[in-house]
Amino acid sequence: MKQEEKLKQQQEYNDYVKQVTPTRNLALAMSKAFIVGGAICIIGQMILNIAKNMGMDQETAGSWCSLCLIFLSILLTGLNIYPTFAKWGGAGALVPITGFANSVAAPAIEFQKEGQVFGIGAKIFTIAGPVILYGIFTSWVLGLGYWIGKLIGIF
């Protein structure tokens, strides 16, 4: 009798998990990511073209493009608009440089009421911190590998 109760309880639990687990349409999610990411790229290309038409070289125009995209992302985060894009577009909004700027600005905005030090200062890199840490560490490891490869004549 106990075994039957356990099996019944396990089945009820499995049914409950199936019921509350959200289902996602992969094709729809990928399409939304493509649309949002593409829109960000179009805006970036427009900024790049405008900067080049103003007489800037490729490198300077690229720097201004990145700077403008970061500014727009932080502005839209502050106005609570970017999170809507990120929720709808998923990785399309989170992967580009705008998503990184959003991940730095959002905790700062959220915890500003706790003060400059314990709010903004302590929480600003809660999401972006690991990205920065592992990005720097990975570049260090790759640089070390490249340096050793140059020493032994591989590169």
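Given the structure is predicted, the values throughout are model-derived calculations rather than measurements.
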Are [Y] and [X] connected into the same hydrophobic cluster when the rule is that any two of I, L, V, M, F, W, Y join if their side-chain heavy atoms are below 4.5 Å apart?
| X | Y | value |
| --- | --- | --- |
| Leu76 | Val104 | no |
| Ile47 | Met54 | no |
| Phe71 | Ile40 | yes |
| Leu48 | Leu67 | no |
| Ile35 | Ile42 | no |

In a table with atom names and distances, give each donor-acceptor pair under 3.5 Å that connects a side chain of residues 79-96 to protein atoms at least two apart or in another chain.
residue	atom	partner	partner atom	Å
Tyr82	OH	Ala93	O	2.4
Tyr82	OH	Thr98	OG1	2.8
Tyr82	OH	Gly99	N	3.4

For Lys18 and Asn14: C-alpha separation, side-chain torsions, deciding distance, then whether side-chain contact (heavy atoms from CB on, under 4.5 Å) applies. CA-CA 6 Å; Lys18 238 182 232 181; Asn14 289 340; over 6 Å; no

From [X] atom [atom1] to [Y] atom [atom2], the distance as rounded to the nearest 0.5 Å:
| X | Y | atom1 | atom2 | result |
| --- | --- | --- | --- | --- |
| Leu28 | Met30 | CG | CE | 11.0 Å |
| Thr21 | Tyr16 | OG1 | OH | 9.0 Å |
| Cys68 | Met46 | SG | CE | 11.5 Å |
| Trp147 | Ile152 | CH2 | CD1 | 11.0 Å |
| Lys2 | Leu7 | NZ | CG | 13.5 Å |

Is a donor from one side chain sitting under 3.5 angstrom from an acceptor on the other, for Asn102 and Ser73?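 Side chains of Asn102 and Ser73: no pair found under 3.5 Å.
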
So which heavy atom on Lys52 is nearest to which on Ala61, and how close?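 Heavy atoms of Lys52 and Ala61 come nearest at CG-CB, 3.9 Å.
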
With sequence neighbours left out, what residues match Ile74 under side-chain contact (heavy atoms from CB on, under 4.5 Å)?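 Ile74 satisfies side-chain contact (heavy atoms from CB on, under 4.5 Å) with Ile70, Ala101, Ala105 once adjacent residues are dropped.
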
Test side-chain contact (heavy atoms from CB on, under 4.5 Å) on Gln19 and Asp15; report intermediate values, then the result. CA-CA 6 Å; Gln19 182 183 12; Asp15 292 341; over 6 Å; no

Distance-only donor-acceptor hits, side chain of residues 134-142, under 3.5 Å, sequence neighbours excluded:
residue	atom	partner	partner atom	Å
Thr138	OG1	Tyr134	O	2.7
Ser139	OG	Gly135	O	3.3
Ser139	OG	Ile136	O	2.8

